[in-house]
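These figures come from a predicted structure and were not determined experimentally.
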2 protein chains.
Amino acid sequence: MELRHLRYFVAVAEELSFGRAARRLHIAQPPLSRQIRDLERDVGAPLFDRGSRGVTLTAAGRAFLPEARLTLAQAERAQRTAQRAAQGETGRLRVGFVEAATHSGILPDVLGFFRMHLPAIGLSLLEMDSAQQAEALRESRIDLGLIGSIPPDAERWLHTETVYADPLVLAVPEDHPLGGRRRFTLADLAAESFVLVPRYASPVLHDDIIARCREAGFSPRIAQEAAGWHTTVSLVSAGVGIAFVPQSLARLTRTGVAYRTIRDFGVELQLTAVWRQREKSPVRERFVTTLRAVARARMPAARSARGEGSAGRRQPPVPPAPPRTALPRTRR
Amino acid sequence: MELRHLRYFVAVAEELSFGRAARRLHIAQPPLSRQIRDLERDVGAPLFDRGSRGVTLTAAGRAFLPEARLTLAQAERAQRTAQRAAQGETGRLRVGFVEAATHSGILPDVLGFFRMHLPAIGLSLLEMDSAQQAEALRESRIDLGLIGSIPPDAERWLHTETVYADPLVLAVPEDHPLGGRRRFTLADLAAESFVLVPRYASPVLHDDIIARCREAGFSPRIAQEAAGWHTTVSLVSAGVGIAFVPQSLARLTRTGVAYRTIRDFGVELQLTAVWRQREKSPVRERFVTTLRAVARARMPAARSARGEGSAGRRQPPVPPAPPRTALPRTRR
DNA sequence: CGGCGGCCATACCCCGTCGGTATCGCGCTG
DNA sequence: CAGCGCGATACCGACGGGGTATGGCCGCCG
């Protein structure tokens with residue numbers, strides 16, 4: 001028994017005529033008769049009573065009809081399910097992320113987009129640090145990691161893509177002596193007091209800043225630790241100290257605070273997506289595409305993120321184009 | 001897409017190896033590869049990741065697998081449903097019956113057998129008289145009628161089969177003068193008082209008896225009406241009168257009552273099944289087969305019922321052999 | 001009442017395709 | 001590095017799905 005038999009049977013049962021059914025199926029009547037005969041032989045019982053004036057369903061045929069319809073519907077459902085899974089419209093994705101990914105607002109936006117437009121995708125979110133994510137990826141406990149920077153051992157089996165990069169600029173109180181100067185070097189700040197992100201909140205960023213300062217010849221004096229960027233800016237505004245903040249923040253000018261670029265400071269706030277290199281996953285591709293779009297919308301400058309991978313392509317921000325396979329569809 | 005593709009896909013997905021799956025399917029590996037490739041083209045997405053070391057399911061494949069299994073199961077279910085319907089193991093039957101059919105105990109026995117052995121059959125029971133049944137059959141409101149005798153207009157489009165025939169004998173009190181006589185004619189009973197079934201309970205039987213008496217030259221004097229045979233016998237035993245009762249009752253001898261055959265009385269208690277001539281119905285055949293078996297078990301004499309139709313065949317009483325079509329089953 | 005037309009079955013043919021054999025390409029492995 | 005295991009590719013034969021032509025049956029109508 002094949003689906004063809006069921007399709008033919010349903011057509012004949014609906015038309016109650018071999019001739020009309022054959023026309024509807026775009027085949028000739030004799031082959032249709034033969035297929036139905038084969039089906040009846042296979043089922044083991046006649047399904048139609050042939051009268052010279054059309055045909056009628058037998059008891060077996062009447063019982064068979066709804067089941068045959070169900071079978072055909074189930075077959076189509078199977079096909080659609082596979083297609084949707086291939087296009088990443090359904091499935092499951094386990095995402096590891098550092099806390100900073102939520103603070104930046106990028107991850108919440110992506111999640112909101114998925115809940116809104118792709119509700120059939122099950123997302124599992126697991127907060128963990130970079131090292132844990134690398135291990136979880138290796139052990140296939142997560143499918144995607146979101147980390148603050150590319151790990152030192154940029155492993156060969158991992159694909160990394162920095163989707164968001166925001167250079168840090170200096171925030172100073174408007175009435176601060178440095179407010180008037182045009183150009184800084186890092187060393188000029190040796191005597192200042194800083195508002196700094198606590199290490200536990202963003203270890204990579206914290207360490208990067210400290211390391212750059214030490215390279216410039218001083219160890220920064222920490223006046224106050226602050227976990228959120230807006231808090232940090234408020235403290236700067238209040239004169240507690242100066243701070244390094246993402247450039248994107250500088251666009252929302254706040255009274256009492258001035259922003260100054262430090263040439264060759266080179267520390268960036270980053271968000272990098274990382275996943276198992278050779279594993280194809282339509283859902284992951286969807287996620288990354290969305291992530292790129294959301295992140296780009298929040299990027300401070302027009303230039304795109306400089307991650308390795310295919311991060312350079314321009315795409316409409318939201319919604320992202322679905323990843324499509326190039327295979328042509330045949331009939332049915 | 002055909003069921004073949006799904007069967008092959010499931011095999012490969014379960015074995016995670018084209019070679020092993022091909023062996024399991026009893027085909028060579030290259031055709032299997034081609035079928036899977038065709039399936040993937042049809043679905044519109046790759047279902048397997050081919051590694052040189054076996055294969056893995058893609059996300060689409062993982063989503064497709066359970067749906068494919070469901071489709072195959074549904075197809076088998078469809079087939080079995082049709083088979084069962086063809087053998088009358090499932091379906092619906094609307095049965096019209098006269099009240100006497102239940103009093104005789106035959107119909108309840110058939111119903112009990114169906115509830116016990118064929119619970120998947122839905123039986124609709126509608127009590128109506130012979131004329132109503134004929135009309136209901138014509139209008140296809142019932143599929144089978146159970147009546148007390150063949151209707152006067154033994155219509156050409158109806159098939160009738162008398163499944164039960166029980167000649168009436170005379171029941172007299174043991175101490176009654178008639179008890180000693182060997183041979184009777186009906187006319188000998190002209191002066192007696194009778195216990196008779198009320199007309200509303202069995203109109204045909206009632207009228208038959210009255211008519212025979214009038215032919216014999218008298219109109220019977222009714223001492224008492226009684227609706228059940230056992231009640232009738234009790235009344236005879238108590239000396240209320242004499243009565244015509246089914247011969248089968250005479251086997252259960254009751255103290256105080258003697259039974260005598262009246263030559264050429266010729267009135268029978270009958271139960272006749274009737275249905276639309278040219279309509280095939282496995283459930284109806286089942287029902288009639290069972291009916292025959294149950295009725296025969298209650299028949300008084302060894303001789304079979306003399307109905308027109310195929311009533312003469314001997315069959316094991318219960319359970320009846322299922323009507324089987326001679327079509328051979330092919331593979332799968 | 002006989003010819004006609006509609007309907008399905010049968011007979012026969014062609015070619016698409018399913019399944020078979022032979023072979024290749026490619027990693028992995030001893 | 002040769003061997004091997006696995007899937008893909010190439011090619012072939014034959015089975016069967018679909019085509020046309022035709023027959024048998026029955027209801028209809030002139």
Side-chain angles (χ1 to χ4, degrees), chain A residues 1-43 45-58 61 156-157 277-280 327-328 330-332, chain B residues 1-43 45-58 61 156-157 277-280 325-328 330-332:
Chain A
M1 191 169 73
E2 293 295 338
L3 290 179
R4 180 186 55 255
H5 295 117
L6 302 184
R7 287 191 271 264
Y8 289 4
F9 167 77
V10 170
V12 176
E14 282 174 2
E15 299 287 347
L16 288 180
S17 152
F18 280 67
R20 277 198 304 277
R23 244 169 285 135
R24 199 175 99 180
L25 294 166
H26 303 109
I27 63 172
Q29 168 260 317
L32 177 57
S33 287
R34 203 157 57 106
Q35 293 299 320
I36 296 293
R37 174 194 265 291
D38 291 349
L39 175 62
E40 288 174 323
R41 205 165 48 89
D42 195 41
V43 167
L47 300 171
F48 292 106
D49 274 329
R50 276 81 161 171
S52 59
R53 209 74 194 156
V55 291
T56 11
L57 282 165
T58 62
R156 269 151 309 292
W157 55 282
Q277 176 69 272
R278 50 195 55 208
E279 192 175 294
K280 293 276 288 183
L327 290 170
T330 58
R331 68 203 157 87
R332 205 143 329 245
Chain B
M1 191 169 72
E2 293 295 339
L3 290 179
R4 181 186 55 256
H5 295 119
L6 301 184
R7 287 190 272 264
Y8 289 3
F9 167 77
V10 170
V12 176
E14 281 174 2
E15 299 287 346
L16 288 180
S17 153
F18 279 69
R20 278 198 303 277
R23 244 169 287 137
R24 200 175 98 181
L25 295 166
H26 303 109
I27 64 172
Q29 168 260 316
L32 178 57
S33 288
R34 204 156 57 105
Q35 293 299 320
I36 297 293
R37 175 198 263 289
D38 291 348
L39 175 61
E40 288 173 324
R41 205 165 49 89
D42 195 41
V43 167
L47 300 171
F48 292 106
D49 274 329
R50 277 80 160 172
S52 60
R53 208 78 194 154
V55 291
T56 11
L57 282 164
T58 62
R156 267 151 312 292
W157 55 282
Q277 175 71 271
R278 49 196 55 207
E279 193 174 292
K280 294 276 287 183
T325 55
L327 290 170
T330 58
R331 69 204 158 84
R332 208 147 334 241

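- The phosphate of C:dC8 has neither OP1 nor OP2 within less than 4.0 Å of any side-chain N or O from A:S33.
- Between C:dC8, D:dA8, D:dG17, one nucleotide has an atom nearer to the side chain of B:R37 than all others, and that is D:dA8.
- Rounded to a whole Å, the CZ atom of A:R4 is 16 Å from the P atom of C:dG16.
- Taking a cutoff of 4.0 Å between a charged side-chain nitrogen and a carboxylate oxygen, B:R20 and B:E14 do not qualify as a salt bridge.
- Nucleic acid contact class of A:Y8 (heavy atoms, under 4.0 Å, all strands): sugar-phosphate only.
- Here the straight-line distance linking atom OG1 of A:T58 with atom NZ of B:K280 works out to 10.0 Å at 0.5 Å rounding.
- By the 4.5 Å heavy-atom criterion applied to side chains, A:V12 and A:Q35 are not counted as neighbours.
- More than 12 heavy atoms of other residues, nucleotides or ligands shown are found within 6.0 angstrom of CZ on A:R24.
- Using a 4.0 Å heavy-atom distance criterion, B:R34 is classed as a base contact.
- Within the 4.5 Å cutoff, the side chain of A:L47 has heavy atoms near those of the A:F9 side chain.
- What separates CD of A:E2 from C1' of D:dG16 is a distance of 12 Å, to the nearest Å.
- Annotation: proximity of residues 17-32 of chain A to DNA chain D (heavy atom, distance under 4.0 Å) is found for A:H26, A:I27, A:A28, A:P30, A:P31, numbered in ascending order.
- With rounding to whole Å, A:Q35 atom CD is found 15 Å from C:dT10 atom C1'.
- Atom-to-atom, CG of A:L39 to C1' of D:dG17 comes out at 15 Å; the value is rounded to the nearest Å.
- Considering only the side chain of A:R50, C:dC8 comes nearest among C:dC8, D:dG17, D:dG7.
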